[in-house]
Amino acid sequence: MANEKSREMGKAPHNARRNFLKQSSLLTALAIAPPALMRAADKKLDEAGARLFEQKLLELEINGAQHQFSVEPRVTLLDLLREHAHLTGTKKGCDFGQCGACTVHVDGKRVLSCLSLAIMQNGKKVTTIEGLADGDKLHPMQEAFIKHDGFQCGYCTPGQIMSAVACVREGHANTDDNIREYMSGNICRCGAYPNIVDAIKEVKEKGGTI
Amino acid sequence: MINFDYVKASSQKSAIEALARDASSKFIAGGTNLVDLMKKGIEMPEKLIDISDLPLKSIDETNGTIRIGALALNSVVAENKLIQLKLPLLSLALKAGASPQLRNMATTGGNIL
């Protein structure tokens, strides 16, 4: 009996140690987890919270039609057009203001939609590539681009055309060099530049309202 | 881009007061630098104060001094008849920078700051 007791007593400290280790590691885990957990929870809450009550109301005209959106301040005009308005004609090339693929017209001026915040366009008039044609009738610049083969892969093309229309309207398409300089905000990796210049020249020379 | 609060300033006074109240806030006008840096996580203001509609866009001459408003766009300044006549180098300098699209967004004040 003494043996059994001593055996049991032998076990008890062993179990006690094991329990202690279990408990202390659990407590330690609890001690260090909360901040990290809380930060993670915060972030999730942030994202969820942002959706719930940080969205701003935005009204603007796109291609002649009035639109209303509810967006976070950090949404760019480019993302608004593509993701919210489902107008994917405007392209995301570099997304930081260098390539010009995202060029649209805001209140008649050509701008980069990737560096424009959507909420800052409240009350403004936006024209995208989808808004150039008149139903099935192509805009003269679109026709010129086709006629002069002004694109290959076509990715820079919507931005090129929007920029080209503005370039002519601004009165900056007087000479070849003038056109090249004032179209320098639009990059074409396929190298369709000479044909783009030809297309713009033709529209400029034809005259009329564009 | 990290999320942030956004307010539109209705006056110069309220804009300055809003900025002074909040150390982590910044003015935004053209945004061509700021939005770029915010996308890359280099600038992370917690609040943006939109000053783009304030009446600071005039370009005029008084007694031989030309004044250019801080919110006058690069493109507008470059094409302005008075600037082209009296300060042609300024017009050329502006046109040598960025791109036509960026010049239609960038402000004089933002350019300097």
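Only the side chain of B:Val76 comes within contact range of chain A, with at least one heavy atom under 4.5 Å from a heavy atom of that chain. With a 4.5 angstrom heavy-atom cutoff, B:Ala96 does not touch chain A via any of its atoms. For A:Lys56, the part lying under 4.5 angstrom from a heavy atom of chain B is the side chain only. Contact annotation for B:Lys95: both backbone and side-chain heavy atoms come within less than 4.5 Å of a heavy atom of chain A. Residue contact with chain B, scored on non-hydrogen atoms closer than 4.5 Å, is absent for A:Gln98.
Counting heavy atoms from C-beta on, the side chains of A:Val75 and B:Met1 never come closer than 4.5 Å. Using a 4.5 Å heavy-atom cutoff, the side chains of B:Asn3 and A:Pro73 are in contact. Counting only heavy atoms from C-beta outward, the side chains of A:Arg110 and B:Met105 never approach each other to under 4.5 Å.
Listed options B:Asp50, B:Leu34, B:Asp5 were ranked by heavy-atom pairs under 4.5 angstrom with chain A; first place goes to B:Asp50. Most heavy-atom pairs under 4.5 Å with chain A, from the set B:Lys8, B:Met38, B:Glu79: that is B:Glu79. With chain B as partner, the option from A:Gly185, A:Ser163, A:Ala166 having the largest number of non-hydrogen pairs under 4.5 angstrom is A:Gly185.
Listed in order of number, the residues of residues 111-123 of chain A that approach chain B to under 4.5 Å between heavy atoms are A:Val111, A:Leu112, A:Cys114, A:Leu115, A:Ser116, A:Leu117, A:Ile119, A:Met120.
B:Lys40 NZ: more than 12 foreign heavy atoms inside a 6.0 Å radius. Surrounding CD of B:Gln12 are at most 12 heavy atoms belonging to other residues, nucleotides or ligands under 6.0 Å away. Around atom NZ of B:Lys26, no more than 12 heavy atoms belonging to other residues, nucleotides or ligands sit under 6.0 Å away.
With a 6.0 Å cutoff to the six-membered ring centre and a 45° limit on the axis angle, B:Lys39 does not count as a cation-pi contact of A:Phe96.
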